[in-house]
Asks: 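Mind looking over this structure? Questions follow.
Proteins get letters first, then strands, A, B, ... in listed order; numbering begins at 1 in each.
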Protein chains: 2
Amino acid sequence: MPTSLTDIARQLELSPSTVSKALNGYRDVSSDTRELVLRAALELGYQPSSAARDLPRGRTDRIGLFLNTALEYVVDYLSGIIPGAVRCSQACGKRLLIYTLTDNDPDQLLQVCRAGEIDGVILFSTHYDSHTIETLLEDNFPFVVMGRHIPDERVSCVVPDYYDGTRQIMDHLLGQGHRRIAFMTRPELTTANEARLQGYLDALAAADLASDGQLIVETRLEADSGVAPTRQLLVLASPPTAIVAAHDLVAVDVINTLQAAGLRVPQDVAVTGFDGLRAGFRTLPHISTVQQPLERIGERVVELVNRQLNDPAALPVQETLPVQLVLRGSA
Amino acid sequence: MPTSLTDIARQLELSPSTVSKALNGYRDVSSDTRELVLRAALELGYQPSSAARDLPRGRTDRIGLFLNTALEYVVDYLSGIIPGAVRCSQACGKRLLIYTLTDNDPDQLLQVCRAGEIDGVILFSTHYDSHTIETLLEDNFPFVVMGRHIPDERVSCVVPDYYDGTRQIMDHLLGQGHRRIAFMTRPELTTANEARLQGYLDALAAADLASDGQLIVETRLEADSGVAPTRQLLVLASPPTAIVAAHDLVAVDVINTLQAAGLRVPQDVAVTGFDGLRAGFRTLPHISTVQQPLERIGERVVELVNRQLNDPAALPVQETLPVQLVLRGSA
DNA sequence: GCAAGTAGCGAAATCGTTTTCGGATTGTCC
DNA sequence: GGACAATCCGAAAACGATTTCGCTACTTGC
């Protein structure tokens, strides 16, 4: 129903081919007719049908990002990386699309890819299974994993330096004189978790401190996930003077729980987060955290997908981006 | 490069038409060949090309939602409505796509619509201008506005009952004995703002209280937007005993600022939010707020778009959904 | 056994672009 | 003036599906 290229052709008594060439900057069109065509296109508000354009080209110039909105953490993290991802994709002449996934249907991702709705896809850490990755590899479909290291050299991924970030936190806390430092892990066994835990343990060892199993507690990914573990720590015979939370959303819970118990942050207990999400500004004091280069991650992830698009033979890249401790008051 | 319908046809020595009909449940295919085709399609991981399918149909079965990620509020709100919107769109056999918009280019929305990438679009309150709406109306392109009432009977929209919600808050606070109640407005002049303010003023009038201009302060939409206005209220000669924040994110700032100043919530100052976002659980006490039926809004918005798709003559609907005060501790 | 109906399949048009190729008109050069 | 190049345009194939129509071969009914 919207105006098509043929409409313009009819109105100007030209052939569709000429109109197409005029619009696409071919040289074999006189400047007169080109101007006529451009004016008519503007007047009629012409926009080429994306389906009709994509079909012969075999490309869509679209990149997909799949999102499981069930998890608050995902949404917060995503809103951090999107500006960079959008900027980069626009610079590459692509559009970034967010697909909303229903929780338990990983096939949808494959369907969208195979249907050719997008040229490449960004996988966000928490939702993919190895079958998805294996299939994408078989299909030779461009994709990049974000925020999670995949131990497979055929897979490109972009991750923040979890180990170094945790070391930075620990060095700071140890430098402040803290000796009983609690550590909150996430339940899932990912390389990110392992790297963080290793950073914690190594820092303790480097300071000649023994690790205390009671100080290592588990959190969940849902809301309020920091409350229970904090209470668990507070009833210890010898409670911690500092708490290294799994990420900023957990740290928010931790701080609120501590303050509700009459403890001052950071005087009585220091608290650190991770990621540098906007949630870190939702407490007073604001959260001292390890700032991930979120926008940069968004950029790189799109860049890497784009590279695969332009050069299918490009070798996969496993990239670790530097992070930086930001002190904002809570530690 | 992925397997096409023709590939299956060649392999089985059938015509493309027969394969298509077998896959789409036509009756003029023998059950034998149908089974053959289905098996081959499964084996090859066949997925019909969306471009090739959409082109002759003139439909995409996709609905777009445009998102400006610059604003934290938008992301939080969106994560609330998405589950309902996704569920409903799947029930209608559509897919919900989120388009990331760069801040200052409203034309992108029109381009996507005119290119036929989507069948209908959901406009989220904070980013659209009247030109966009006017053009969509001219194009006869299905759309629904979410979270903002548009004073134009040709436009469908779904909004929470801002007036009633504010009345509920005020009735509760007045019932608690509060007499000096501060009100935080948003800077933009929208019907939502007006409705909230009217609810505030009407409630005061109904209680025979005069309104005090000093108690009505303005917030911004950005992060930390509640801090400054709260401080402004605290230095008043006669400070408020209750603060009605513009929405939950503002209320988070308000509570933190009050607690940092040594005031207890709600004993010294009661605080209320609006919307019922997840941020309301990030303070202690949790925020007493007016819960919008977020999932329901997501559902209705998609339903209304879908109705326009199925029946282009359907009359526009301007819907106000009921809200409910939820007491969680801060008031 | 013959007309009529039915089941199963393929041919071909269609959607709106892009892109290659060839044709026509003009101009240029010797 | 004739060969050749340059300029501008249109014809037509292609992308991969859907869908209508027609054809064949078989069944059914009398």
Asks: Over how many whole Å does the gap from A/Asp32 atom CG to D/dT7 atom P extend?
Replies: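 These atoms are roughly 15 Å apart.
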Asks: Looking at A/Thr18, does any N or O in its side chain come under 4.0 Å of the phosphate oxygens OP1/OP2 on D/dC8?
Replies: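 No, outside the criterion.
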Asks: Taking 4.0 Å as the cut-off, does a side-chain nitrogen or oxygen of B/Thr33 come that near to OP1 or OP2 on C/dG8?
Replies: no
Asks: Calculate the interatomic distance between B/Arg57 atom CZ and D/dG16 atom C1'; express it in whole Å.
Replies: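 Spelled out: CZ on B/Arg57 to C1' on D/dG16 is 13 Å.
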Asks: Before accepting this row, confirm whether a basic side-chain N of the pair B/Arg154/B/Glu134 lies closer than 4.0 Å to the acidic partner's carboxylate O.
Replies: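 Looking at B/Arg154 and B/Glu134, the cut-off is met.
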Asks: Would you mind reading off the distance between B/Leu36 atom CG and C/dC9 atom P, rounded to a whole angstrom?
Replies: 10 Å
Asks: Hey, does the side chain of A/Asn24 come within less than 4.0 Å of C/dT19's phosphate (OP1/OP2), counting only N and O?
Replies: no
Asks: Ignoring hydrogens and angles, are the base of C/dG8 and the side chain of B/Lys21 linked by a donor-acceptor pair under 3.5 Å?
Replies: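 It does not, because no donor-acceptor pair links the side chain of B/Lys21 to the base of C/dG8 below 3.5 Å.
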Asks: Please confirm whether any donor atom in the side chain of B/Ser15 sits under 3.5 Å from an acceptor in the base of C/dA11, or the reverse.
Replies: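 Side chain to base: no pair below 3.5 Å.
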Asks: Which comes earlier along DNA chain C counting from the 5' end, the contact point of B/Asp28 or that of B/Pro56, where each point is its nearest nucleotide?
Replies: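 It is B/Asp28 whose nearest nucleotide is closer to the 5' end.
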Asks: Roughly how many Å is it from CG in B/Leu5 to C1' in D/dG16, rounded to a whole number?
Replies: 8 Å
Asks: To the nearest 0.5 Å, how far apart are OH in A/Tyr99 and CD1 in A/Ile118?
Replies: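 Atom-to-atom, A/Tyr99:OH and A/Ile118:CD1 are 5.0 Å apart.
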Asks: For a quick check of understanding: with a heavy-atom distance under 4.0 Å over all strands, which category does A/Asp54 fall into, base, sugar-phosphate or nothing?
Replies: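 The residue A/Asp54 makes no contact with any strand.
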Asks: Quick one: label A/Ser30 by what it contacts on the DNA or RNA (base, sugar-phosphate, nothing), any heavy atom closer than 4.0 Å.
Replies: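 Counting heavy atoms under 4.0 Å across all strands, the contact made by A/Ser30 is with sugar-phosphate only.
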Asks: Should B/Glu35 and B/Arg39 count as an ion pair when the cut-off is N to O under 4.0 Å?
Replies: yes
Asks: Quick test of your reading of the model: are A/Arg95 and A/Asp61 salt-bridged, counting only N-O distances below 4.0 Å?
Replies: no
Asks: Could you state the atom-to-atom distance from CG of B/Leu14 to C1' of D/dG16 in whole Å?
Replies: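 Interatomic distance, CG of B/Leu14 to C1' of D/dG16: 17 Å.
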Asks: For A/Arg27 and C/dT20, give me the distance from atom CZ to atom P, rounded to whole Å.
Replies: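 Nearest whole value for this atom pair: 12 Å.
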Asks: Please give, in whole Å, the distance from C/dA7 C1' to B/Tyr26 OH?
Replies: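 One finds 17 Å between C1' of C/dA7 and OH of B/Tyr26, rounded.
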Asks: Please classify the nucleic acid contact of A/Ser4 as base, sugar-phosphate, or nothing, using heavy-atom distances under 4.0 Å.
Replies: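 It contacts sugar-phosphate atoms only.
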Asks: For DNA chain C, whose closest nucleotide is more 5', that of B/Leu55 or that of B/Arg34?
Replies: B/Arg34
Asks: Are any side-chain N or O atoms of B/Ser156 and backbone N or O atoms of B/Val317, one a donor and one an acceptor, separated by less than 3.5 Å?
Replies: yes
Asks: Starting at OH of A/Tyr46 and ending at P of C/dG16, how long is that distance when rounded to a whole Å?
Replies: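 Value for this atom pair: 10 Å.
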Asks: Of the listed nucleotides (C/dT18, D/dA12, C/dA11), which one gets closest to any side-chain atom of A/Ser17?
Replies: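 For A/Ser17, the side-chain atoms sit closest to D/dA12.
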